[in-house]
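Please read the structure below before turning to the comments.
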Amino acid sequence: MKKIILFLMLCIGGIAVAQTQDDHRMQSFVMTYLQGKGYTASYDENNDIIFEKDGLSYYISFHQNLVIYPTTGTYTHIQVILTVRSQKPFSELIRYANDCNSQHYGKFTAYSNNGENGFQAIIESVASTGGQAVYQIKYALQMFPAIVEDLKENI
């Protein structure tokens, strides 16, 4: 019985290490794409990718093993996030986030932290390869200009 438990623990540990390596390869693939497009991209303390586009800061977050289908393998959950500070009252930002959530693709949230109010626009996807991740990020970056124009008018 101990041998079976030990074997299962080693298998699970090996899967976790392989998935972490896959995520790092995916992040590296995305980083190479962004740098090739002229973005100054870097990693933050959480190993997320941060970059600027048109004077706004974006970050891309990778979460491993959030979607698992036994027949097709594992996927990585990817979020492309734009955070914008605002002088508007928190209640107005919440109302605006709710309006955006009902009208747009993506997820929109308002936040208040130590007296600083802000707004986040998040586009989420899943990918199992670096190529899929780059495709999803290219799509998200094509959507953000319209979102940014709307934010300029309302935030």
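- Between Tyr96 and Ile155 the shortest side-chain heavy-atom distance falls below 4.5 Å.
- Taking the centre of each ring, Phe144 and Tyr58 come in below the 6.0 Å mark.
- Atom CD1 of Ile60 sits about 12.0 Å away from atom CE of Met26, to the nearest 0.5 Å.
- Expressed to the nearest 0.5 Å, how far OG of Ser57 lies from CG of Asp44 amounts to 11.5 Å.
- The closest side-chain heavy-atom distance from Ile49 to Val30 is below 4.5 Å.
- Considering all non-hydrogen atoms of both residues, Asp48 and Phe62 come closest at OD1-N, 4.0 Å.
- Between the CG atom in Leu93 and the NZ atom in Lys88 there is a gap of 7.5 Å [rounded to 0.5 Å].
- Between atom OG1 of residue Thr109 and atom NZ of residue Lys107 there is a gap of 7.5 Å, rounded to the nearest 0.5 Å.
- Taking both residues in full, the closest heavy atoms of Ile123 and Met143 are given as CD1-CB, 3.9 Å, listed atom of the first, atom of the second, then distance.
- The distance from the CD1 atom of Ile50 to the CG atom of Leu34 is 11.5 Å, given to the nearest 0.5 Å.
- Put simply, OG1 on Thr76 and CD on Gln27 are 8.5 Å apart, with the number rounded to the nearest 0.5 Å.
- Side chains of Gln35 and Phe51 form no contact here, defined as non-hydrogen atoms less than 4.5 Å apart.
- Taken together through direct or relayed side-chain contacts under 4.5 Å among Ile, Leu, Val, Met, Phe, Trp and Tyr, Leu141 and Leu82 form part of one hydrophobic cluster.
- Shown here is Gln87, whose CD atom has no more than 12 heavy atoms of other residues, nucleotides or ligands within 6.0 Å.
- Around atom OH of Tyr43, more than 12 heavy atoms belonging to other residues, nucleotides or ligands sit under 6.0 Å away.
- The nearest pair of heavy atoms linking Tyr111 to Phe90 is C-CE1, 3.4 Å.
- Follow the hydrophobic side-chain contacts under 4.5 Å out from Ile81 and you never reach Leu56; the two are in separate clusters.
- Transitive grouping of hydrophobic side chains (ILVMFWY, heavy atoms separated by less than 4.5 Å) brings Ile147 and Ile78 into a common cluster.
- Side chains of Pro145 and Lys53 form a contact here, defined as non-hydrogen atoms less than 4.5 Å apart.
- The cluster map of Ile, Leu, Val, Met, Phe, Trp and Tyr, joined by side-chain heavy atoms under 4.5 Å apart, puts Tyr139 and Phe29 in the same cluster.
- Using a 3.5 Å distance cut-off with no hydrogens or angles, the side chains of Asn117 and Ser112 do pair a donor with an acceptor.
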Trace of the side chain to side chain donor-acceptor pair (under 3.5 Å) decision for Ser128 with Gln132: CA-CA 7 Å; Ser128 62; Gln132 289 176 353; 3.0 Å; yes

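- The two residues Ala97 and Ala110 have their closest heavy-atom pair at CB-N, 4.1 Å.
- Phe108 and Ile122 are not part of a single hydrophobic cluster, where members link through side-chain heavy atoms under 4.5 Å apart.
- The shortest distance between side-chain heavy atoms of Tyr59 and Asn46 does not fall below 4.5 Å.
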Glu92/Arg95 under salt bridge (charged side-chain N to carboxylate O under 4.0 Å, His left out): CA gap, chis, key distance, verdict: CA-CA 5 Å; Glu92 284 185 39; Arg95 205 170 15 260; 5.2 Å; no

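- Residue Tyr33 comes nearest to Lys138 through the heavy atom pair OH-CG, 2.7 Å, listed as atom of the first residue, atom of the second, then distance.
- Between Gln79 and His63, the closest side-chain pair of non-hydrogen atoms falls below 4.5 Å.
- Residues Cys100 and Phe119 meet the side-chain proximity criterion, which asks for heavy atoms closer than 4.5 Å.
- Ala133 approaches Ala127 most closely through the heavy-atom pair N-CB, 3.6 Å.
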